[in-house]
There are 2 protein chains.
Amino acid sequence: MKPSKKHCLTQQEIEEQLRGAGVQPTLQRILICQFVLCEADHPTAEEVHLWAEKNLAKISLATVYNTLNTLVDAGLLKELKFPHSDKVIYDDNMEEHYHFLDRKSGKLFDIAKGDVKISAQLAKQFQIQGFDLLINGNYQRDLKKGGSL
Amino acid sequence: MKPSKKHCLTQQEIEEQLRGAGVQPTLQRILICQFVLCEADHPTAEEVHLWAEKNLAKISLATVYNTLNTLVDAGLLKELKFPHSDKVIYDDNMEEHYHFLDRKSGKLFDIAKGDVKISAQLAKQFQIQGFDLLINGNYQRDLKKGGSL
DNA sequence: TAGGAGATTAGAATAGTTCTAAACTTAGAT
DNA sequence: ATCTAAGTTTAGAACTATTCTAATCTCCTA
């Protein structure tokens with residue numbers, strides 16, 4: 001069972017990433033990066049705020065939004081919106097990719113672009129520049145024998 | 001140049017459709033159906049409201065929302081949400097289909113399911129039930145010689 | 001150790017939609 | 001024609017997610 005944390009970064013590394021992206025590495029920003037770049041999985045602003053409140057005595061919701069927007073502008077985070085929710089979802093996977101939505105849990109999974117083939121035969125008026133694809137269905141963990149539940 | 005109206009219905013036919021779907025055909029509902037089922041193309045609630053105000057002396061925004069939700073529940077209309085806008089968009093095309101978004105104009109086009117082939121090679125944990133696909137790009141009208149602009 | 005740019009903050013504002021509770025309309029039984 | 005009950009419409013309040021505003025705070029540079 002591998003850990004679900006994608007990539008753990010030290011505070012140093014986060015500071016460097018921020019500075020490299022032209023963003024002043026303040027306490028609040030470093031903390032939020034720790035969460036959104038290392039721990040979280042498709043969090044909403046609300047989830048980031050909740051987490052930040054636990055890990056930083058005092059932080060305002062406005063700062064959470066400001067920071068998330070700053071990170072998006074700096075190219076460290078992607079902003080996503082899906083039909084099943086009105087909340088913006090943040091994704092630190094900066095590769096172009098698609099998503100799978102588990103209908104039961106509402107949980108999102110990244111799907112590599114290479115795992116899906118899309119071919120569209122459209123009238124030539126339609127000049128395709130990109131696809132937004134949300135696959136929805138059922139995520140069934142522990143399918144293999146000896147699943148650990 | 002064929003008219004863009006998809007299917008024109010008489011007031012009678014609309015009343016029948018409503019009754020058939022178990023919805024009382026009130027004046028407001030018939031009027032709104034006239035617009036969303038016959039005239040409009042992917043309207044928002046706001047657009048429906050604007051149109052309704054012009055064609056019916058007095059109608060409240062609440063009624064517009066109530067009616068649209070009633071039509072969705074009755075299976076006469078689909079509710080769509082896309083990442084480029086926070087507004088719900090209504091679609092009277094009840095076939096399963098995809099959409100094309102013209103980046104410049106923000107205009108949406110229905111894309112028949114058969115015009116697009118999607119094949120996903122995912123781990124078997126992912127049991128696919130459906131795809132939400134938004135193709136985005138450039139809609140270039142008048143590509144053929146003799147375009148009428 | 002003062003100046004100033006930039007960051008943070010609380011709370012107001014905004015947008016889109018839903019809720020509430022009262023008034024109105026309608027359908028059906030008489 | 002009349003009554004009643006159920007269903008519809010309405011204005012405005014409420015709600016949710018997010019952005020804005022303007023004051024305060026921080027901290028780099030000189």
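Each chain gets a letter, A, B and so on, in the order its sequence line appears, and its residues count up from 1.
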Undergrad: Please name the pair of heavy atoms, one in A/T44 and one in A/I89, separated by the smallest distance, quoted to 0.1 Å.
TA: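 For A/T44 versus A/I89, the nearest heavy atoms are CG2-CG1, 4.0 Å.
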Undergrad: Are the ring centres of A/F109 and B/F126 closer than 6.0 Å?
TA: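 They qualify: ring centres under 6.0 Å apart.
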Undergrad: Is a side-chain donor-acceptor pair under 3.5 Å present for A/D73 with A/T70?
TA: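 On atom types as modelled, these side chains do not qualify, holding no pair under 3.5 Å.
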Undergrad: Think A/S60 has a side-chain N or O under 4.0 angstrom from the OP1 or OP2 of C/dT9?
TA: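 Checking A/S60 against C/dT9: at least one side-chain N or O falls below 4.0 Å of OP1 or OP2.
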Undergrad: Using the side-chain contact (heavy atoms from CB on, under 4.5 Å) definition, which of the options B/V23, B/I14, B/T67 pairs with B/C33?
TA: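 The side-chain contact (heavy atoms from CB on, under 4.5 Å) with B/C33 is passed solely by B/I14 among B/V23, B/I14, B/T67.
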Undergrad: Is the ring centre of A/H99 less than 6.0 Å from the ring centre of A/F82?
TA: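 Close enough - the centres of the two rings lie under 6.0 Å apart.
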Undergrad: Would you say the side chain of A/D115 lies within less than 4.5 Å of the side chain of B/L122, judging by non-hydrogen atoms?
TA: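 Answer yes - side chains close enough.
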Undergrad: Treat primed atoms plus P, OP1 and OP2 as sugar-phosphate and everything else as base, then score nucleotides 24-30 of chain D 5' to 3': B for base contact with protein heavy atoms under 4.0 Å, S for sugar-phosphate contact only, - for none.
TA: -------
Undergrad: Assign each of B/L61 and A/V23 to its nearest nucleotide of DNA chain C by heavy atoms, then name whichever residue's nucleotide is nearer the 5' end.
TA: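 Final value for this comparison: A/V23.
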Undergrad: Hey, is the side chain of A/K58 poking within less than 4.0 Å of OP1 or OP2 on C/dT8, counting only N and O atoms?
TA: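 A/K58 to C/dT8 OP1/OP2: no side-chain N or O under 4.0 Å.
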Undergrad: Within this structure, what is the CD-to-C1' distance between A/E53 and C/dA10, rounded to whole angstrom?
TA: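 After rounding, the gap between these two atoms is 13 Å.
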Undergrad: Return the set of residues passing side chain to side chain donor-acceptor pair (under 3.5 Å) with B/S119 (not counting sequence neighbours), or none when no residue passes.
TA: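 Partners of B/S119 under the side chain to side chain donor-acceptor pair (under 3.5 Å) test: none.
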Undergrad: Write down the distance between NE2 (A/H49) and C1' (C/dG11), rounded to a whole number of angstrom.
TA: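 In whole Å, C/dG11 C1' lies 13 Å from A/H49 NE2.
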Undergrad: Taking the basic N atoms (NZ, or NE/NH1/NH2) and the acidic carboxylate oxygens, is any pair closer than 4.0 Å for A/K113 and A/E95?
TA: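 No, A/K113 and A/E95 are not salt-bridged.
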Undergrad: Hey, quick one: are B/Y90 and B/L134 part of the same hydrophobic cluster, counting side-chain heavy atoms closer than 4.5 Å, chains of contacts allowed?
TA: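 No, it is not one cluster - the side chains of B/Y90 and B/L134 are not joined through contacts under 4.5 Å.
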Undergrad: Scan residues 64-87 of chain A against DNA chain D and write down, sorted by residue number, each residue with any heavy atom closer than 4.0 Å; if none is found, say none.
TA: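 Contacting residues: A/Y65, A/N69, A/D86, A/K87.
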Undergrad: Rounded to the nearest Å, what distance is computed from the CD atom of residue A/E47 to the P atom of nucleotide D/dT18?
TA: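 Roughly 11 Å, once rounded to whole Å.
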Undergrad: Kindly state which residues belonging to residues 25-34 of chain B come within less than 4.0 angstrom of DNA chain D, counting heavy atoms of the residue only, listed by number.
TA: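 Residues of residues 25-34 of chain B under 4.0 Å from DNA chain D: B/T26, B/Q28, B/R29.
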Undergrad: Within this structure, what is the CG-CD distance for the pair A/D102 and A/Q140, rounded to the nearest 0.5 Å?
TA: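 Reported to 0.5 Å precision, the distance equals 8.5 Å.
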Undergrad: Mind checking what makes side chain to side chain contact (heavy atoms under 4.5 Å, CB included) contact with A/N136, not counting sequence neighbours?
TA: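 For A/N136, the residues satisfying side chain to side chain contact (heavy atoms under 4.5 Å, CB included) (neighbours in sequence not counted) are A/L101, A/R103, B/Q129, B/D132.
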Undergrad: Between B/K81 and B/D86, does any NZ, NE, NH1 or NH2 come within less than 4.0 Å of an OD or OE carboxylate oxygen?
TA: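 Looking at B/K81 together with B/D86, the answer is no, because their closest N to O distance does not fall below 4.0 Å.
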Undergrad: Scan residues 13-22 of chain B against DNA chain C and write down, sorted by residue number, each residue with any heavy atom closer than 4.0 Å; if none is found, say none.
TA: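 Contacting residues: none.
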Undergrad: Whether B/K78 and B/D92 form a salt bridge (side-chain N of Lys/Arg under 4.0 Å from carboxylate O of Asp/Glu) is what I want to check.
TA: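 Salt bridge: no.
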